[in-house]
Amino acid sequence: MLPRASTHACALIMKPVVLAIETSCDETAAAVYDGTVRSSVLFSQTPLHERYGGVVPEIASRSHIEKMPHIAQKALNEANISLDDIDVIAVTTKPGLPGSLLVGLSFAKALAFARSLPIIGINHLEGHVFSPFLEHTVPFPHLCLTASGGHTALFYIQNFGEYALVGSTHDDAAGEALDKIARLLQFPYPGGPHIEKLAAAANFQDFFHYPRMRKPGTDFSFSGLKTAVLYDLVERGWYDLKKRSLTIQLPLEAKQQIASSLLVCMGDILISRLIAAHKQKPDIQAITFVGGVSRNAYLRDRITTYATKCNLPVFIPSPEYCTDNAAMIAFVGAYKGEQGAFDDLTLDIF
Ligand code: KG4
Ligand code: ZN
């Protein structure tokens with residue numbers, strides 16, 4: 001068995017200076033955190049994947065391996081420190097694309113080994129769940145609605161690192177549904193921002209009344225939304241199911257009305273699940289909304305309106321902390337470091 005990364009790996013580190021590495025999907029990110037975010041830098045691979053309509057795993061891993069050292073150095077430079085000042089290396093180990101995770105983990109292990117620093121493997125979702133704490137003090141217990149490209153879930157958060165799953169999606173994640181429908185409407189990956197822009201032009205009105213989830217409860221399902229949009233296009237004679245392609249260049253107004261109806265429907269689904277979770281957990285002191293989809297101004301408004309109606313404070317990260325970033329990984333690394341929850345150099349992904 002390999003040695004621990006550091007001789008002080010078992011001890012607690014009070015207010016550690018954390019260097020975090022995040023490469024779970026298509027962002028190569030690094031951040032320095034010491035109680036506040038000293039730096040948070042990333043290289044977004046979006047232009048590399050755009051034309052494929054989604055993330056291509058091999059392109060993602062190869063880009064991470066090229067950019068990682070530069071991004072980590074940039075994070076240190078922007079924080080105005082060197083590796084000598086770092087107490088802990090935090091690195092995302094799950095969930096994510098295996099090839100991408102392995103690049104970040106190998107880089108983090110090399111740093112930890114060379115510098116005899118403790119290393120901590122972080123769950124990417126835990127990063128999102130605690131991302132509001134980068135800017136706010138959120139009271140416990142609270143409900144966290146996580147909506148990203150890979151996950152959609154509701155968590156009951158009792159303390160740092162203490163959380164329970166209240167509901168999750170049976171099929172697509174919210175962001176995944178937006179990405180797929182945007183692709184159908186001929187917009188590049190990631191589709192969420194395009195859907196938001198189109199929907200805003202149609203004033204977030206519900207034109208087509210796509211089906212809401214009939215089943216009550218705290219779980220989500222979004223795959224029906226894509227089917228509803230698809231059959232809507234088929235009925236209008238705009239989509240050929242056999243050829244699996246559009247028969248015409250869609251009119252902009254139709255795209256706007258589809259996107260608008262889609263977001264209203266998604267808002268209704270998210271709110272209905274949030275209400276069900278709130279009924280199960282009436283003692284909550286706040287609501288948080290995190291993950292890439294929480295960048296969406298319309299959905300932010302819907303969640304805020306519900307929380308305000310319930311007299312609960314709502315905490316939603318600034319846009320740069322909604323989508324993937326290393327600052328949220330560093331934050332989790334900091335409290336795990338304070339708890340002495342270190343890993344050793346046998347640390348693996350998943
Ligand atoms: O959290 P994230 O960066 O990566 C994952 O962990 O999945 O989330 C990416 C997702 C994508 O599906 C993207 O379309 C969606 O977040 N997204 C948005 C917006 N910006 C990004 N969805 C709706 N409205 C937006 N403005
Ligand atoms: Zn994410």
Side-chain angles (χ1 to χ4, degrees), residues 125-126 128-133 136 138-159 162-178 181 192 195-196 199 203-229 259-317 322:
L125 276 182
E126 193 167 335
H128 276 304
V129 161
F130 289 94
S131 59
F133 286 88
H136 308 282
V138 186
F140 296 115
H142 60 260
L143 268 179
C144 173
L145 173 60
T146 308
S148 70
H151 304 273
T152 298
L154 273 158
F155 293 98
Y156 177 66
I157 320 289
Q158 284 155 294
N159 210 328
E162 263 179 60
Y163 51 97
L165 186 68
V166 178
S168 62
T169 179
H170 288 299
D171 39 61
D172 289 350
E176 188 181 358
L178 296 177
I181 293 166
I195 297 285
E196 175 165 20
N203 287 322
F204 304 109
Q205 298 292 305
D206 190 3
F207 297 89
F208 304 128
H209 311 289
Y210 295 134
R212 274 57 175 164
M213 287 177 63
R214 265 188 245 121
K215 210 170 154 209
T218 51
D219 283 342
F220 304 84
S221 170
F222 295 107
S223 64
L225 262 177
K226 190 192 154 196
T227 314
V229 173
S260 187
S261 308
L262 171 64
L263 275 190
V264 176
C265 182
M266 185 166 280
D268 286 353
I269 294 174
L270 293 177
I271 293 292
S272 71
R273 310 292 111 173
L274 187 58
I275 291 172
H278 192 180
K279 275 195 188 132
Q280 274 186 24
K281 306 287 182 191
D283 64 337
I284 55 164
Q285 303 298 307
I287 290 171
T288 63
F289 182 31
V290 305
V293 176
S294 69
R295 278 181 93 123
N296 188 286
Y298 170 77
L299 297 175
R300 290 166 86 98
D301 261 10
R302 294 285 306 264
I303 305 296
T304 303
T305 305
Y306 173 71
T308 309
K309 208 177 93 191
C310 302
N311 279 323
L312 285 172
V314 64
F315 300 92
I316 309 174
C322 293

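All values below were derived from every heavy atom in this structure, side-chain atoms included, with hydrogens, water molecules and symmetry-related copies excluded. The shown structure was predicted, so the numbers you read here are calculated from the model rather than taken from an experiment. One-based numbering along the sequence shown.
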Exercise. At what distance, to the nearest 0.5 angstrom, does CG of L263 lie from CG of D206?
Worked result: 10.5 Å
For this session: Check whether the ring centres of F140 and F133 lie less than 6.0 Å apart, and answer yes or no.
Result: yes
Seminar exercise, completed: Residues passing the salt bridge (Lys or Arg N to Asp or Glu O under 4.0 Å) test with D172, sequence neighbours excluded, are K180
Problem set entry | For H170, all residues meeting ring pair (Phe, Tyr, Trp, His ring centres under 6.0 Å), sequence neighbours excluded | none
Problem set entry | Backbone of L299 reached by a side-chain donor or acceptor of N296 within 3.5 Å | yes
Seminar exercise, completed: Taking every heavy atom of V138 against every heavy atom of P132, the minimum-distance pair comes out as CG2-CB, 4.0 Å
Exercise. Just by modelled atom types, is the I269 backbone N or O under 3.5 Å from a matching donor or acceptor in the R212 side chain?
Worked result: no
Exercise. Under the side chain to side chain contact (heavy atoms under 4.5 Å, CB included) test, which residues partner A277, sequence neighbours left out?
Worked result: L143, L154, V166, T218
Exercise. Would you say H136 and S131 make side-chain contact, with heavy atoms under 4.5 Å?
Worked result: no
Problem set entry | For F204, all residues meeting ring pair (Phe, Tyr, Trp, His ring centres under 6.0 Å), sequence neighbours excluded | Y298
Exercise. Looking at C265 and L225, what are the two nearest heavy atoms and their distance?
Worked result: SG-CD2, 3.6 Å
Exercise. So which heavy atom on Q158 is nearest to which on Y156, and how close?
Worked result: CG-CE2, 3.6 Å
Exercise. Would a 4.5 Å heavy-atom cut-off, applied to side chains only, mark I287 and I303 as touching?
Worked result: yes
For this session: For the pair D219 and S168, evaluate side-chain contact (heavy atoms from CB on, under 4.5 Å) and give the outcome as yes or no after the intermediate values.
Result: CA-CA 5 Å; D219 283 342; S168 62; 4.3 Å; yes
For this session: Mind checking side chain to side chain contact (heavy atoms under 4.5 Å, CB included) for T308 and listing every partner two or more places apart, or none if nothing turns up?
Result: T304
Exercise. For the residue pair G150 and A173, what are the closest heavy atoms and their distance?
Worked result: C-CB, 3.6 Å
Exercise. What pairs meet the salt bridge (Lys or Arg N to Asp or Glu O under 4.0 Å) rule with one or both residues in residues 278-292, with sequence neighbours excluded?
Worked result: none
Exercise. Short question: side chain of S261, backbone of F207 - any donor-acceptor pair under 3.5 Å?
Worked result: yes
Problem set entry | With E126 via salt bridge (Lys or Arg N to Asp or Glu O under 4.0 Å) - residues at least two apart | K336
Problem set entry | Qualifying side chain to side chain donor-acceptor pair (under 3.5 Å) pairs, either residue in residues 141-153, two or more places apart | none
Problem set entry | pair L262-V264: side-chain heavy atoms closer than 4.5 Å | no
Problem set entry | Partner residues of F289 under the ring pair (Phe, Tyr, Trp, His ring centres under 6.0 Å) criterion, sequence neighbours left out | none
Exercise. Any side-chain heavy-atom pair from L178 and M266 closer than 4.5 angstrom?
Worked result: yes
Exercise. Who pairs with H278 by side-chain hydrogen bond (donor to acceptor under 3.5 Å, both in side chains), at least two apart in sequence or on another chain?
Worked result: Y306
For this session: Determine the interplanar angle of the F220 and F222 rings, folded into 0 to 90°, and report it as parallel if under 30°, tilted if 30 to 60°, perpendicular if over 60°.
Result: parallel
Problem set entry | Rounded distance (nearest 0.5 Å) linking atom SG of C144 with atom CD1 of I284 | 11.0 Å
Exercise. Mind checking what makes salt bridge (Lys or Arg N to Asp or Glu O under 4.0 Å) contact with R302, not counting sequence neighbours?
Worked result: D268
Seminar exercise, completed: Here the gap from S294 atom OG to L145 atom CG, rounded to the nearest 0.5 Å, amounts to 8.5 Å
Exercise. Any donor and acceptor pair, going by atom type alone, linking the side chain of E162 with main-chain N or O of I157 inside 3.5 Å?
Worked result: no
Exercise. Taking only residues two or more places apart in sequence or in another chain, which ones pass side-chain hydrogen bond (donor to acceptor under 3.5 Å, both in side chains) with D171?
Worked result: S221, S223
